[in-house]
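Worksheet: the structure to be examined is printed underneath.
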2 protein chains.
Amino acid sequence: MSRAEQKERTRRAIINAAFSQLSADKSFASLSLREVAREAGIAPTSFYRHFADMDELGLTLVDEAGLMLRQLMRQARQRIEKNGSVIRTSIETFMEFVTGNSNVFRLLLRERSGTSAAFRSAVAREIQHFVAELAEYLRKETTCPDELARAQAEAMVTLVFHTGADALDAPPEQYAYLTSRTITQLRWLAHGAASYGRKPKE
Amino acid sequence: MSRAEQKERTRRAIINAAFSQLSADKSFASLSLREVAREAGIAPTSFYRHFADMDELGLTLVDEAGLMLRQLMRQARQRIEKNGSVIRTSIETFMEFVTGNSNVFRLLLRERSGTSAAFRSAVAREIQHFVAELAEYLRKETTCPDELARAQAEAMVTLVFHTGADALDAPPEQYAYLTSRTITQLRWLAHGAASYGRKPKE
DNA sequence: CCGTTTAGCTTACAACTGTTCGCTCATTCT
DNA sequence: AGAATGAGCGAACAGTTGTAAGCTAAACGG
């Protein structure tokens, strides 16, 4: 096996080990280099051949999580074309992501307000992709001026993200309720922004 | 000095030490019993005379933070009576809390999605106070049916809380923008909910 | 006033942590 | 073929952590 190939392989082993150790009661900050190395099947010191420290690993994880999010968006667009209902399809796709990759979502959720400024801004950047794309859609579909389209998109993403967080601690039989509640909230926003589009005076 | 009195005094010293060690780059999870004890001016083992473990301390901190939040609400009500503008006054009061007690707000923000289920539900409970109170207000002031008043209140609290989180990483000159953006979002919600109050068919 | 209670201390231990150093040995380059 | 590279390893070190055991001395209750 080629050397570069093998190196990439154990690099992946490290990343996978880290992801698999994340859980409801274990955050990235509570992972230890030694534990990750152990699960990846390498000596603790070999870790340094791939990452300078745990922070570098963490940023890599956030990047990968962001990648998954973007793939998700692409998937949602395809579904919308076939299905029609924009809001419902988007949320349902997102909820599937949250429940199917809860560790990945938890990583983003936690590091968004975590103790590392680098992590926080990395997560913020990933979420901005969501917001920017949604804002552009709103600009096309509605008569909303640019500035307000962005504010509307931010509110929507905030609400959806928050619903994902709720779902992590809710029993599955509540997913349907959470989803429909969020749909209602988004419709309010859309409707309010449309008929109240002029900038408020005060 | 009375014994009970002295005990309460060092208990407070522990709590204060914990609060003061929280910061942008230090979460409660990253506090150590020994560090807290050191700053409180007691031996590590004396900690156990007051709390069974760090988790118990943490729950106490969350309780105290919730208390501050409720005091804040009371203060906001008073201001509203004198000032009039409900939404703007509420948000400005909240933003003052966030910037003036950022460590306290950070505690709630982080433990809301932290690694301890007990912490998460404790924070959720504190936030529910906000939601319940706002929902009741909406029921009185508007024609919104109960169920929808709650959903509206939840969305509003979510947006305001999120804005607080944004403020933590934003330079002070952006506070005004964040505030006005959120005001716009809340008005959309209120307007949308009022004119779109009937439950959506799908 | 004397026995009990108890907050706080010192000492100690075992379990981890991240990181340095020097080595091996298979792959790669010349 | 021979030299250089570099992934991975084992041993070791200096810190830190939570917590147990037992003591002291001051406040308390009878």
Side-chain angles (χ1 to χ4, degrees), chain A residues 1-23 25-62 107 110-111 114-119, chain B residues 1-23 25-62 107 110-111 114-119:
Chain A
M1 185 174 346
S2 120
R3 187 132 80 174
E5 191 180 348
Q6 171 59 28
K7 177 162 187 179
E8 181 56 27
R9 187 177 294 226
T10 82
R11 183 186 149 95
R12 278 243 62 88
I14 293 175
I15 294 175
N16 292 339
F19 265 129
S20 92
Q21 293 195 357
L22 295 177
S23 73
D25 8 62
K26 207 150 193 179
S27 71
F28 180 79
S30 66
L31 297 188
S32 87
L33 185 152
R34 289 178 107 105
E35 258 183 306
V36 171
R38 205 175 304 139
E39 177 156 339
I42 61 174
T45 53
S46 302
F47 178 93
Y48 295 104
R49 300 285 183 199
H50 302 271
F51 301 97
D53 50 31
M54 284 294 279
D55 281 9
E56 204 172 294
L57 207 210
L59 289 178
T60 305
L61 295 193
V62 172
L107 176 75
R110 285 173 175 160
E111 299 310 325
T115 55
S116 155
F119 281 32
Chain B
M1 182 172 350
S2 121
R3 187 132 81 174
E5 192 180 348
Q6 172 60 27
K7 176 162 186 179
E8 181 56 26
R9 189 176 294 228
T10 81
R11 183 188 149 96
R12 278 244 61 88
I14 293 174
I15 293 176
N16 292 339
F19 265 127
S20 93
Q21 293 195 358
L22 294 177
S23 73
D25 14 59
K26 206 150 192 179
S27 70
F28 179 79
S30 67
L31 296 189
S32 86
L33 185 152
R34 289 178 105 105
E35 258 183 305
V36 171
R38 206 175 303 139
E39 177 155 338
I42 61 173
T45 53
S46 301
F47 179 93
Y48 295 105
R49 301 284 184 200
H50 303 270
F51 301 96
D53 50 31
M54 285 293 281
D55 281 9
E56 205 172 294
L57 207 211
L59 289 178
T60 304
L61 295 192
V62 171
L107 177 75
R110 285 172 175 161
E111 299 310 325
T115 55
S116 154
F119 282 32

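What you are looking at is a predicted structure, and each value in this text was computed from that prediction instead of being measured.
Proximity of A:Leu22 to A:Leu31: side-chain heavy atoms (C-beta onward) are separated by under 4.5 Å at one or more points. Two residues are said to be in side-chain contact when any heavy atoms from C-beta on lie closer than 4.5 Å; A:Phe19 and A:Ile14 fail this criterion. Between B:Phe51 and B:Ile15 there is a side-chain heavy-atom pair separated by less than 4.5 Å. A heavy-atom distance below 4.5 Å is not found between the side chains of A:Arg49 and A:Thr10. You'll find the side chain of B:Val36 reaches within 4.5 Å of the side chain of B:Met54, heavy atoms only.
The CD1-C1' distance, from B:Ile42 to D:dT19, rounds to 14 Å in whole Å. Following rounding to the nearest Å, A:Arg11 (CZ) and D:dA7 (P) show an atom-to-atom distance of 12 Å.
Judged by distance alone, with hydrogens and angles left aside, B:Arg34 brings no side-chain donor or acceptor close enough to the base of D:dT16 to form a pair under 3.5 Å.
Nearer to the 5' terminus of DNA chain C, by closest-nucleotide assignment, is the contact made by B:Arg3 (compared with the other of B:Pro44 and B:Arg3). Residue-to-nucleotide proximity on DNA chain C shows that, of B:Lys7 and A:Leu31, the 5′-proximal contact is made by B:Lys7. Comparing B:Ala4 and B:Leu33 by the nucleotide of DNA chain D whose heavy atom lies nearest to each, the residue mapping closer to the 5' end is B:Leu33.
For the contact set between residues 45-60 of chain A and DNA chain C, defined by any heavy atom under 4.0 Å, the members are A:Thr45, A:Tyr48.
Salt-bridge check for B:Glu111 with A:Arg110: failed, with every basic side-chain N at 4.0 Å or more from each acidic carboxylate O. Remark: B:Glu35 engages B:Lys26 in a salt bridge, criterion side-chain N to carboxylate O under 4.0 Å.
A side-chain donor-acceptor contact under 3.5 Å links B:Asp53 to the backbone of B:Glu56.
Protein chain A touches strand DNA chain C; the 5'-most and 3'-most nucleotides with an atom under 4.0 angstrom of its non-hydrogen atoms are C:dT17 to C:dT28.
Note on B:Arg38: a side-chain N or O is less than 4.0 Å away from OP1 or OP2 of D:dT17.
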